[in-house]
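Quick caveat, the model's predicted, so the values are computed rather than measured.
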Amino acid sequence: MTDTTPLETVLKRDRLIVMVGLATVVALAAVYTVAGVGMSMSALSMTGMAVEMPGMMMEPAVWSAPYALLVFLMWWVMMIAMMVPSAAPMILLHASLARKRKTARSPYGAVSCFVAGYLAVWGGFSLVAMALQWGLERVGTMTGMMEIVSAPLAGMVLLAAGLYQLTPLKETCLKHCRHPMFFLLHHWKPGAVGAFRMGAEHGAYCLGCCWFLMALLFVGGIMNLFWIAGIAIYVAVESSPPDTAY
């Protein structure tokens with residue numbers, strides 16, 4: 001039986017702490033999303049209505065600055081719940097490498113900066129998604145159920161999303177998401193600012209990989225839990241490192 005070295009013990013403890021922290025963030029984001037905090041209707045209620053009364057038309061909400069902020073937060077928190085699980089292998093490996101570096105006494109600060117950079121990118125995406133939703137509702141292309149009302153437009157989004165899966169850009173971004181060690185070896189930067197920049201770079205690759213998949217929420221319903229869960233599971237499986245994919 002091989003004795004466990006002090007470093008291995010610390011790495012296992014770090015891994016557990018980071019995993020618990022990530023699980024807590026994802027759980028809170030999922031609860032926020034399901035409850036539809038601040039919205040007129042929860043995602044659970046809206047999903048139930050979509051199942052019981054498909055094709056139901058509802059008047060879009062009246063937009064204002066506070067409502068736009070709520071919609072932005074809805075998108076951002078939803079992205080956190082959907083994307084952090086797929087980024088977990090990268091985050092855990094970053095924590096291990098940060099601990100092993102002689103200049104890093106604790107990986108938690110570096111990991112926090114890495115995650116902050118990653119989430120900042122999805123915050124930018126959420127801002128764009130909010131603006132797009134606002135625009136679609138203003139021109140009458142999106143219903144109060146938060147889904148595209150035009151069948152031809154919805155079909156075009158579905159077709160474009162499928163075609164994007166076959167592009168070289170998609171494959172390049174997916175390679176960086178699937179191979180955490182490859183990414184960290186080629187993009188490592190020291191310090192808190194460096195960790196934030198690495199997180200943002202990884203977030204940019206994830207965004208390049210998944211942005212069209214997230215656009216499918218406009219087709220199935222932005223607060224439809226079946227679409228949210230389905231896309232999140234697909235992203236997690238697609239971006240899994242080769243040794244953990246199944």
Whichever hydrophobic residues join Leu163 through chains of side-chain contacts under 4.5 Å: Leu159

By salt bridge (Lys or Arg N to Asp or Glu O under 4.0 Å) - contacts of Glu137 (at least two apart): none

Any donor-acceptor N/O pair, Thr47 side chain to Leu225 backbone, under 3.5 Å: yes

side-chain contact (heavy atoms from CB on, under 4.5 Å) partners for Ala200, two or more places apart: Val121

Contact summary for Leu174 and Cys209, nearest pair of heavy atoms: CD1-SG, 3.6 Å

Have a look at Phe125 and tell me which of Met79, Met130, Met83 forms a side chain to side chain contact (heavy atoms under 4.5 Å, CB included) with it. Met79

Share the residues that join Val128 in a hydrophobic cluster, the rule being Ile, Leu, Val, Met, Phe, Trp or Tyr side chains under 4.5 Å apart at the heavy-atom level. none

Close side-chain approach of Phe218 and Val157, heavy atoms under 4.5 Å: no

Between OH on residue Tyr234 and OG on residue Ser86, distance to nearest 0.5 Å: 13.0 Å

What I'd like to find out is whether the side chain of Glu147 reaches to under 4.5 Å of the side chain of Trp227, using heavy atoms alone. no

I need the Ile91 CD1 to Leu93 CG distance, nearest 0.5 Å. 11.0 Å

Can you tell me which residue pairs pass the side-chain hydrogen bond (donor to acceptor under 3.5 Å, both in side chains) test with a partner in residues 65-80, sequence neighbours excluded? Trp75-Gln133

Interatomic distance, SG@Cys173 vs NE2@His202, rounded to 0.5 Å, equals 11.0 Å

Mind checking salt bridge (Lys or Arg N to Asp or Glu O under 4.0 Å) for Lys175 and listing every partner two or more places apart, or none if nothing turns up? none

Pairing residues for Ala232 by the side-chain contact (heavy atoms from CB on, under 4.5 Å) criterion, not counting sequence neighbours: Met82

Met146 vs Met74 side-chain heavy atoms within contact, under 4.5 Å: yes

Spacing of Leu97 atom CG and Met198 atom CE [to the nearest 0.5 Å]: 8.5 Å

The complete set of side-chain hydrogen bond (donor to acceptor under 3.5 Å, both in side chains) pairs with one or both residues in residues 24-37, sequence neighbours excluded, reads none

Working to the nearest 0.5 angstrom, can you tell me the gap between Leu119 CG and Ile80 CD1? 5.0 Å

Hydrophobic cluster partners of Val20 (side-chain heavy atoms under 4.5 Å): Leu16

Does Phe182 offer a backbone N or O that forms a donor-acceptor pair with the side chain of His186 under 3.5 Å? yes

What residues form a side-chain contact (heavy atoms from CB on, under 4.5 Å) with Tyr164, not counting sequence neighbours? Thr167, Leu169, Lys170, Trp211, Phe212

Which atom pair, heavy atoms only, marks the closest approach of Ala161 to Leu216? CB-CD2, 3.7 Å

How close do Ser240 and Ala236 get, counting heavy atoms only, and between which atoms? OG-O, 2.6 Å

Could you go through the side chain to side chain contact (heavy atoms under 4.5 Å, CB included) check for Met78 and Trp122 one step at a time? CA-CA 10 Å; Met78 183 167 60; Trp122 284 104; over 6 Å; no

Those residues at least two apart in sequence (or on a different chain) that pass side-chain contact (heavy atoms from CB on, under 4.5 Å) with Ala154 are Ile148, Val219

Can you list everything that forms a ring pair (Phe, Tyr, Trp, His ring centres under 6.0 Å) with Trp134? Sequence neighbours excluded, please. Trp63

Parallel, tilted or perpendicular: rings of Tyr205 and His176 (30°, 60°): parallel

Mark yes or no for whether Arg178, through its side chain, and Glu238, through its backbone, hold a donor-acceptor pair below 3.5 Å. yes

